[in-house]
Amino acid sequence: MTLQSPRSTAPRLAVFDMDGTLLDSLPDLAACADRLLTSYGLPGVTPDVVRPMVGDGVAALVRRLLAHAGDAAASIDPQQAAARYMADYTPRSTELSRPFPGTTYALETLKADGWMLAICTNKPVEAARRIVSALGLDGWFDAIGGGDSFPVRKPDPAHLLGTIGLAHGTPARAIMVGDHHNDILAATGAHVGSVFARWGYGRPEMEAGATVGADTMVEIPHIAAQLVPA
């Protein structure tokens, strides 16, 4: 009897970042950031100010907001501010957020081609699940690895590897799609092919180290098939 190699039998797995990759969530993130600062009597912020602050989780976002506010925010406890942010954001996280154009097409096409799908996000996993469910996307994904699902988070490759494990995939048959250098660094460390989402919030230089870049979600099924042939 001839045994097939694991590479030929393992399912293909496409892992997606969430904010700035699957979802245009900046409007809700920025609206909450604006409300947070004004609740402390500080000047508000616009989405353009918040955009480069996104990608490292809520705690980092709030620290950056307070740093942006300057000396007037020096006495504010970052942990308390992060808790206030989450209390406001959680029930309102999908008021303005929507999947990026082409997302449904990409997910449908990948599934039809036999791919498994997962999310690897620095958002808390329960928040990620609520958002995905509220936007009607929960039926697509085999696993969600949140920022608190493992002892580490992106850019640590163990976050991506843990998510791949949750989906019962293998790194050799997986790809990572993301708009932030955290996604590319995690993929590189996990020896997983990576696609930089140019439509997202990451700066152009964050594409460095990615296997390939893509301009729209519509391109992902074709690129994925090239990176991991059936």
Side-chain angles (χ1 to χ4, degrees), residues 7 10-26 29 48 50-61 63-64 99-103 106-107 110 115-123 128 141 143-167 169-230:
R7 183 176 176 82
R12 295 184 292 176
L13 172 65
V15 183
F16 292 89
D17 171 51
M18 195 167 170
D19 297 317
T21 301
L22 284 173
L23 304 180
D24 185 10
S25 52
L26 180 62
L29 292 167
D48 285 343
V50 178
R51 180 186 297 267
M53 301 180 183
V54 175
D56 293 303
V58 169
L61 170 59
R63 287 196 303 270
R64 290 163 185 163
F100 277 104
T103 295
L107 300 180
L110 288 166
W115 286 76
M116 297 171 59
L117 305 176
I119 292 173
C120 184
T121 175
N122 279 343
K123 259 188 169 58
F141 296 100
I144 297 178
D148 54 356
S149 296
F150 310 101
V152 296
R153 61 172 62 186
K154 297 180 297 183
D156 194 306
H159 186 183
L160 175 55
L161 290 170
T163 302
I164 292 171
L166 286 177
T170 61
R173 299 281 283 171
I175 64 167
M176 175 75 212
V177 184
D179 72 314
H180 198 273
H181 63 80
N182 285 342
D183 303 304
I184 306 307
L185 289 171
T188 300
H191 303 289
V192 169
S194 58
V195 183
F196 183 76
R198 294 172 181 152
W199 63 86
Y201 308 146
R203 300 182 301 276
E205 61 267 26
M206 290 185 179
E207 186 172 340
T211 309
V212 66
D215 293 312
T216 69
M217 278 289 287
V218 174
E219 299 172 47
I220 296 303
H222 176 70
I223 292 173
Q226 291 183 313
L227 294 180
V228 187

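Numbering starts at 1 and runs along the sequence shown. Keep in mind that the numbers below use all heavy atoms, side chains included, and drop hydrogens, waters and symmetry copies.
Atom CD1 of I184 sits about 10.5 Å away from atom NE2 of H181, to the nearest 0.5 Å. Taking CG of L185 as the reference point, atom CE of M206 lies at 9.5 Å (rounded to 0.5 Å). Rounding to the nearest 0.5 angstrom, the gap separating the CE atom in M116 from the CZ atom in F141 is 12.5 Å. The CD1 atom of I144 sits 9.0 Å away from atom OG1 of T121, with the distance rounded to the nearest 0.5 Å.
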- Item | Test side chain to side chain contact (heavy atoms under 4.5 Å, CB included) applied to D179 and W199, step by step | CA-CA 8 Å; D179 72 314; W199 63 86; over 6 Å; no
- Derivation and outcome, side chain to side chain contact (heavy atoms under 4.5 Å, CB included), residues D19 and K123: CA-CA 9 Å; D19 297 317; K123 259 188 169 58; 2.6 Å; yes
- Task: Decide yes or no on side chain to side chain contact (heavy atoms under 4.5 Å, CB included) for V50 and L61, but give the supporting numbers first.
- Result: CA-CA 8 Å; V50 178; L61 170 59; 4.1 Å; yes
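Residues satisfying the salt bridge (Lys or Arg N to Asp or Glu O under 4.0 Å) test with E219, not counting sequence neighbours, are none. Residues forming a side chain to side chain donor-acceptor pair (under 3.5 Å) with D17 (at least two apart in sequence, or on another chain): T21, K154. Evaluation of the side chain to side chain donor-acceptor pair (under 3.5 Å) rule for D48 yields no partner, not counting sequence neighbours. For D24, the side chain to side chain donor-acceptor pair (under 3.5 Å) partners at least two apart in sequence or on another chain are Y201. Here R12 pairs with nothing under the salt bridge (Lys or Arg N to Asp or Glu O under 4.0 Å) rule; sequence neighbours left out. Residues meeting the side chain to side chain donor-acceptor pair (under 3.5 Å) test with T163, sequence neighbours left out: none. Contacts of A224 classified as side chain to side chain contact (heavy atoms under 4.5 Å, CB included), with partners at least two apart in sequence or in another chain: L110, W115, I175. Not counting sequence neighbours, the partners of H159 by the ring pair (Phe, Tyr, Trp, His ring centres under 6.0 Å) test are F150. Looking at residues two or more places apart in sequence or on another chain, you find a side chain to side chain contact (heavy atoms under 4.5 Å, CB included) between T211 and S194, L227. The side chain to side chain contact (heavy atoms under 4.5 Å, CB included) search around A174 returns L13, I164, V192, not counting sequence neighbours.
Here salt bridge (Lys or Arg N to Asp or Glu O under 4.0 Å) pairs that include residues 206-216, with residues two or more places apart or in two chains, are R198-E207, R198-D215.
Side-chain atoms of N182 come within 3.5 Å of backbone atoms of G55 as a donor-acceptor pair (strictly under, hydrogens ignored).
For the side chain to side chain contact (heavy atoms under 4.5 Å, CB included) test with I119, the passing option among L22, V15, L23 is L22; the others fail.
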